[in-house]
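Take a look at the structure below.
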Amino acid sequence: MPRPKECISCMYPASCANCLLPEYHPGFQARVSITANSKENLTMSCADHKDYHDEELDPCCLFDTYVGADKSISKKELLEDPLRFLYKLFSSDIIVLESSDCCMKALESWLRNEPGAVEQSHVVEFVCSLKGQSTECKKQEEKTRRAIKRVVKWDITNENPLGEVVLPQADCIVTTYYLELVSKDHDMYINLLKKLLSLVKIGGHLVMVALINISYYMVGQHKFAALKYNEDFIQKALMEAGCSILSSDTHKSKFESPLCDYESIAHFVCRKDRAV
């Protein structure tokens, strides 16, 4: 697969430096101490779960909870391993699509390098280690900022999520931990997947990093809903959306925590063969 010239990224799990981790969140510490050995104790009605687009979603807390600098297993599974996978594929200009207003604001704050915005130095250091340029971290971070040309609202409540925005068809779309967090059911997942793929040229590519069999994730004191599905569902959804799978691999989770319940992480590289 040649490295694409024009790439669209969907979902950006943003962060900032001054967010409390969930185990230190007021009113949450007691719950963690009670449920530290049991995910089942965190079970509640699905109707009580928050949605990815709700204002209670704190992008800073989301990032720091799962891939903050002080995390080990979850950071490796959710950040470093996917970055290794993506690094082999890409070197391009980027347009970011985001459906959460909270995450859009966090990303734009990081792009402007505002005080108190996203603190991701450990992410940059890891990327530089992949390139063998451990002394070039600051330059790499600025290069990444320059590579992101636009941040565009992807409003999944509209039939046309881009609204009046017109984008050139992309060589590639990258989506990481997105569709499973925003889809209410399997039909909605397939519908959104088709809409994303409508932005890709015939012969272009979709690169997906997905959480398998996740049903919830915690951000601070709030429990957010996620769509549970297996690899067989993804494969069928991709074929229905007009793609062929060029390569895939799955890594079983070693991150055992009441904070979330995904079973594994899957990587897919797909080619768009037809419009649907």
Side-chain angles (χ1 to χ4, degrees), residues 10-16 18-79 82 98-107 118 154-157 175-189 192 209-230 233-234 252-266:
C10 197
M11 188 182 175
Y12 182 89
S15 168
C16 71
N18 58 357
C19 175
L20 293 174
L21 299 182
E23 49 267 51
Y24 300 111
H25 194 290
F28 187 70
Q29 187 170 0
R31 180 182 296 178
V32 170
S33 64
I34 293 171
T35 63
N37 297 317
S38 173
K39 292 181 180 179
E40 287 74 11
N41 289 338
L42 276 171
T43 300
M44 61 177 73
S45 166
C46 289
D48 296 328
H49 291 188
K50 297 294 182 181
D51 181 75
Y52 176 77
H53 302 96
D54 289 347
E55 63 180 10
E56 288 86 355
L57 178 66
D58 184 336
C60 309
C61 201
L62 174 62
F63 186 93
D64 286 345
T65 298
Y66 298 102
V67 295
D70 61 334
K71 301 299 182 289
S72 54
I73 297 175
S74 61
K75 181 178 67 175
K76 181 180 184 300
E77 286 189 1
L78 293 167
L79 179 72
E98 177 52 69
S99 54
S100 163
D101 291 335
C102 298
C103 290
M104 280 192 72
K105 290 177 181 178
L107 173 56
V118 176
W154 176 259
D155 188 349
I156 65 173
T157 65
T175 172
T176 57
Y177 316 134
Y178 179 69
L179 291 174
E180 58 267 42
L181 301 192
V182 302
S183 301
K184 305 292 187 184
D185 53 42
H186 289 178
D187 288 341
M188 182 177 180
Y189 182 103
L192 288 176
V209 182
L211 297 167
I212 304 300
N213 283 329
I214 183 173
S215 66
Y216 76 91
Y217 60 103
M218 300 294 298
V219 182
Q221 62 185 353
H222 301 291
K223 189 173 189 179
F224 287 79
L227 180 65
K228 189 170 185 176
Y229 56 72
N230 56 27
F233 167 76
I234 298 182
K252 186 173 178 59
S253 175
K254 297 179 182 178
F255 177 51
E256 297 183 3
S257 169
L259 293 172
C260 60
D261 65 346
Y262 68 91
E263 293 179 2
S264 57
I265 297 176

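We're numbering straight along the sequence, starting at 1.
For the atom pair C61 SG and Y66 OH, the distance stands at 8.5 Å (nearest 0.5 Å). Rounding to the nearest 0.5 Å gives a distance of 3.5 Å between CD of E56 and NZ of K50. Atoms CG and CG, from D54 and D101 in turn, are 11.5 Å apart once rounded to the nearest 0.5 Å. With values rounded to the nearest 0.5 angstrom, S253 atom OG is found 7.5 Å from L78 atom CG. In this structure, CG on L211 lies 5.5 Å from CD1 on I265, to the nearest 0.5 angstrom. Here the straight-line distance linking atom CD1 of I214 with atom CD of E180 works out to 7.0 Å at 0.5 Å rounding.
The two residues M188 and S183 come nearest to each other via the heavy atoms SD-CA, 3.8 Å. What you find for A210 and I234 is that their closest heavy atoms are CB-CD1, 4.0 Å. When all heavy atoms of L79 and Y177 are compared, the closest pair comes out as N-OH, 4.4 Å. Of all non-hydrogen atoms in L227 and D185, the two that sit nearest each other are CD2-O, 3.5 Å. Nearest heavy-atom pair, V219 versus D58, reported as atom, atom and distance to 0.1 Å: CG1-O, 3.6 Å. Between M218 and P258, the shortest heavy-atom distance links the atoms CG-O, 4.0 Å.
Scored by the side chain to side chain donor-acceptor pair (under 3.5 Å) test, K76 finds D81 as partners (sequence neighbours excluded). Scanning for side chain to side chain donor-acceptor pair (under 3.5 Å) contacts around S99 gives H53, Y178, with sequence neighbours left out.
E77 and Y262 share a donor-acceptor pair across their side chains, judged by distance under 3.5 Å alone.
The aromatic rings of Y217 and F224 lie parallel to each other, their planes meeting at an angle below 30°, with 60° marking the opposite boundary.
Separation of the F233 and Y189 ring centroids falls under the 6.0 Å cut-off.
Ion pairing between a basic and an acidic side chain is recognised when a charged N comes within 4.0 Å of a carboxylate O; D51 and K184 show such pairing.
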